[in-house]
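To keep things clear, I will list the structure first and then write my remarks on it.
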There are 2 protein chains.
Amino acid sequence: MDVARSKGSDAGTPVACASCQARHGVVCGVLSSGQLKDLGRHSLRRKVDAGSEIVAQGSESSFYSNIMRGVVKLCKVMPDGRQQIVDLQFAPDFVGRPFVRESTLSAEAATDVEICVFPRDLLDRMISETPELRRSLHDQALKELDAAREWMLTLGRRTAEEKVASLLHLIATHAEPQTATTTVFDLPLSRAEIADFLGLTIETVSRQITRLRKSGVIRIEKFRHIIVPNMDEMERMISA
Amino acid sequence: MDVARSKGSDAGTPVACASCQARHGVVCGVLSSGQLKDLGRHSLRRKVDAGSEIVAQGSESSFYSNIMRGVVKLCKVMPDGRQQIVDLQFAPDFVGRPFVRESTLSAEAATDVEICVFPRDLLDRMISETPELRRSLHDQALKELDAAREWMLTLGRRTAEEKVASLLHLIATHAEPQTATTTVFDLPLSRAEIADFLGLTIETVSRQITRLRKSGVIRIEKFRHIIVPNMDEMERMISA
DNA sequence: ACCGCGAGTTGATCCAGATCAAAGTTTCCG
DNA sequence: CGGAAACTTTGATCTGGATCAACTCGCGGT
């Protein structure tokens with residue numbers, strides 16, 4: 001589905017992209033004021049409901065976006081339906097692959113999401129002309145590469161219990177940083193999505209979460225709401 | 001081990017980096033002639049024996065390098081010894097993470113390797129000053145990101161047989177491109193390394209290779225030397 | 001040529017996680 | 001408020017790949 005045509009719950013008023021600059025630095029923040037103005041005229045603020053696609057695997061999207069709020073999952077699916085989530089993205093990440101027409105993966109809203117959308121042609125041109133923008137995108141690519149490789153270790157060499165702990169740790173880390181040792185957060189993913197991120201089945205994910213709860217590493221209310229009393233304890237489960 | 005101190009079998013004469021330019025485009029090829037001259041004065045051609053480290057995980061390397069010949073594996077190891085190969089690199093790939101002091105993974109020569117080595121400080125400065133160089137490194141990062149995510153699908157969702165077929169396909173693709181449907185190549189990895197790349201055990205890798213041989217998808221002479229009579233057949237094993 | 005050792009294969013058995021099956025919750029919508 | 005569908009948990013059983021254990025092959029060194 002093309003996001004420019006997606007019907008968000010509040011698709012009424014486009015908001016100029018200038019607001020990105022105030023809140024985030026990744027894309028809009030690095031533009032010069034003239035360029036920002038150019039982009040602002042062409043960009044739109046969009047809401048995307050949880051579960052709808054922003055970019056489809058194998059499709060040609062004419063838009064890039066910048067995540068303002070919410071969580072986006074990047075997915076690869078095989079012809080027979082097996083699928084693997086390959087990354088989670090949070091504000092203020094950039095979604096899309098500059099200069100490449102066809103996406104090899106899909107980007108889907110895991111939670112309700114707000115994005116800032118802008119036309120591909122325009123941004124491609126701006127990237128070529130703006131070293132700071134290129135540097136910024138290069139930085140994000142390297143960050144994603146590190147995350148991907150860390151996750152490869154998780155997928156290839158960790159046990160089911162360690163995998164689930166790794167996921168909770170990842171989410172907890174990206175939820176607003178907590179000051180205390182206790183961390184509280186909402187899971188942006190269903191059990192099925194967690195399974196697809198960890199290379200497990202739903203049932204195994206559920207059982208391991210139960211195990212973590214019974215062993216006191218986490219507390220749970222309402223399936224999606226998690227409390228980690230002691231983050232160090234969970235980190236210890238992951239490394240060795 | 002610091003590569004500048006590594007004792008290659010032919011560590012005698014440093015060779016100016018200009019030769020990189022003739023053969024490859026990734027790093028040296030994008031430099032202006034003045035910059036190339038600067039770099040050339042500081043760079044060294046090195047041979048690294050199979051099995052020795054180019055950059056150690058957690059270490060601080062003061063050098064970057066450019067692969068001229070051979071295969072380099074990027075590894076992550078856990079405190080308890082479990083390990084995962086997260087990428088294979090071939091000529092003319094760039095090895096190292098610009099602007100980052102400490103490496104989160106190790107780079108090790110899988111085969112005998114020839115690299116072109118240059119000081120970190122100098123290259124960092126050149127990247128900042130040369131948009132083409134930045135673009136080039138950005139491109140490689142994106143290429144590696146795609147490869148990493150494709151491999152995540154392999155690690156998370158493919159069976160042992162599909163994993164082994166994926167690996168053979170990957171190697172075959174990077175061996176010099178063949179014109180015929182028949183592909184012949186040498187494995188740059190031992191069974192143990194293949195296992196660490198695929199998240200399997202040595203025994204399972206061995207059994208699956210035997211299975212592929214018995215089913216006629218591949219032929220084998222001398223353990224490391226593989227013949228794929230029909231590449232399409234192997235690609236079919238991987239996708240669905 | 002022979003020896004010794006690391007690399008690879010093969011077989012037997014085990015077990016972590018998958019699969020199959022059935023409740024129990026939650027959410028959402030009329 | 002009720003009822004259905006989607007999501008989650010839990011239980012029973014099965015199995016792909018791990019583990020344990022020989023054995024064989026090929027290579028380098030003397």
Side-chain angles (χ1 to χ4, degrees), chain A residues 9 49-52 73 78 80-84 110-112 154-168 186-215 218-226 237, chain B residues 9 49-52 73 78 80-84 110-112 154-168 186-215 218-226 237:
Chain A
S9 36
D49 295 333
S52 34
K73 57 178 178 156
M78 294 171 66
D80 65 1
R82 282 177 285 178
Q83 89 181 70
Q84 177 70 42
T111 62
D112 288 349
T154 298
L155 289 173
R157 290 304 186 196
R158 290 203 234 255
T159 65
E161 184 177 47
E162 290 170 331
K163 284 181 177 182
V164 171
S166 298
L167 178 91
L168 295 177
D186 285 301
L187 276 178
L189 302 180
S190 69
R191 299 294 187 262
E193 290 171 316
I194 294 173
D196 280 339
F197 198 15
L198 294 172
L200 298 172
T201 58
I202 298 176
E203 294 94 326
T204 298
V205 169
S206 178
R207 276 185 249 272
Q208 295 302 334
I209 289 178
T210 301
R211 236 158 86 75
L212 290 174
R213 180 172 54 71
K214 286 186 178 164
S215 76
I218 59 174
R219 293 211 328 271
I220 300 182
E221 31 240 47
K222 286 178 45 198
F223 290 157
R224 296 286 194 105
H225 191 72
I226 309 278
M237 306 198 64
Chain B
S9 35
D49 295 333
S52 36
K73 57 179 178 155
M78 293 172 65
D80 65 1
R82 282 177 283 177
Q83 88 182 67
Q84 176 71 42
T111 62
D112 288 349
T154 298
L155 289 173
R157 290 304 186 197
R158 291 204 234 253
T159 64
E161 185 176 47
E162 291 170 331
K163 284 181 177 182
V164 171
S166 298
L167 178 92
L168 295 178
D186 284 301
L187 276 178
L189 302 180
S190 69
R191 300 295 188 259
E193 289 170 318
I194 294 173
D196 281 339
F197 197 16
L198 294 172
L200 297 171
T201 58
I202 297 176
E203 293 93 328
T204 298
V205 168
S206 178
R207 276 185 250 271
Q208 296 302 334
I209 288 178
T210 300
R211 238 159 83 77
L212 289 174
R213 180 173 52 72
K214 287 185 176 165
S215 75
I218 58 174
R219 293 211 328 273
I220 300 182
E221 30 238 46
K222 286 179 48 202
F223 289 157
R224 297 285 193 106
H225 192 73
I226 309 279
M237 306 199 63

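Here is how names work: the chains are called A, B, and so on, in the same order as the sequence lines, proteins then strands, and each is numbered from 1.
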**Asked** Counting only side-chain N and O atoms of B/T204, is one of them less than 4.0 Å from OP1 or OP2 of D/dG17?
**Response** no
**Request:** Using whole Å, report how far CG of A/L200 lies from C1' of C/dA16.
**Result:** 11 Å
**Request:** Answer yes or no: is there a side-chain heavy-atom contact under 4.5 Å between A/T204 and A/L198?
**Result:** no
**Prompt:** Less than 4.5 Å apart, any side-chain heavy atom of B/I226 and any of B/D186?
**Reply:** no
**Request:** Starting at atom CD of A/E221, determine the distance to atom P of D/dT9, rounded to an integer number of angstrom.
**Result:** 14 Å
**Asked** If you round to the nearest 0.5 Å, how far is CZ of A/R82 from CG of A/D80?
**Response** 4.0 Å
**Prompt:** Expressed in angstrom and rounded to an integer, what is the separation of A/Q208 atom CD from D/dT9 atom P?
**Reply:** 12 Å
Show the distances under 3.5 angstrom between N or O atoms of the protein and N or O atoms of nucleotides 7-9 of chain C.
{"unit_1": "C/dG8", "atom_1": "OP1", "unit_2": "B/R224", "atom_2": "NE", "d": "3.4"}
{"unit_1": "C/dG8", "atom_1": "OP2", "unit_2": "B/R191", "atom_2": "N", "d": "3.1"}
{"unit_1": "C/dT9", "atom_1": "OP1", "unit_2": "B/R191", "atom_2": "NH2", "d": "3.1"}
{"unit_1": "C/dT9", "atom_1": "OP2", "unit_2": "B/R191", "atom_2": "NE", "d": "2.7"}
{"unit_1": "C/dT9", "atom_1": "OP2", "unit_2": "B/S206", "atom_2": "OG", "d": "2.9"}
{"unit_1": "C/dT9", "atom_1": "O5'", "unit_2": "B/S206", "atom_2": "OG", "d": "3.1"}

**Asked** Can you find a heavy atom in the side chain of B/Q84 that is under 4.5 Å from one in the side chain of B/L155?
**Response** yes
**Prompt:** Is any side-chain heavy atom of B/M237 closer than 4.5 Å to a side-chain heavy atom of B/S166?
**Reply:** no
**Prompt:** For the pair made of CZ in A/R157 and C1' in D/dA18, what is the distance, rounded to whole Å?
**Reply:** 11 Å
**Request:** Please report, rounded to the nearest Å, how far the P atom of D/dT10 is from the CG atom of A/L212.
**Result:** 13 Å
**Request:** Using whole Å, report how far CG of A/D112 lies from C1' of C/dC28.
**Result:** 14 Å
**Request:** Give the angle between the helix axes at the two ends of the helix from C/dA1-D/dT30 to C/dG30-D/dC1, taking five base pairs at each end and rounding to 10°.
**Result:** 50°
**Asked** Run the side chain to side chain contact (heavy atoms under 4.5 Å, CB included) check on B/I220 and B/L212 step by step: do they pass?
**Response** CA-CA 10 Å; B/I220 300 182; B/L212 289 174; over 6 Å; no
**Asked** For A/T201 and A/K222, take the nucleotide of DNA chain C holding the closest heavy atom to each; which residue's nucleotide lies nearer the 5' end?
**Response** A/T201
**Asked** Could you give the NZ-to-P distance, from B/K163 to D/dG17, as a whole number of Å?
**Response** 8 Å
**Message:** Rounding to an integer number of Å, can you tell me how far A/R211 CZ sits from C/dG17 P?
**Reply:** 9 Å
**Request:** Evaluate the criterion side chain to side chain contact (heavy atoms under 4.5 Å, CB included) for residue pair A/L187 and A/I194; output intermediate values, then yes/no.
**Result:** CA-CA 9 Å; A/L187 276 178; A/I194 294 173; 4.0 Å; yes
**Prompt:** A/G51 near the nucleic acid: base, sugar-phosphate alone, or nothing, with a heavy-atom cut-off under 4.0 Å?
**Reply:** nothing
**Message:** Quick check: do B/E162 and B/R157 have side-chain heavy atoms less than 4.5 Å from each other?
**Reply:** no
**Message:** Are the side chains of B/D196 and B/L189 in contact, using a 4.5 Å heavy-atom criterion?
**Reply:** no
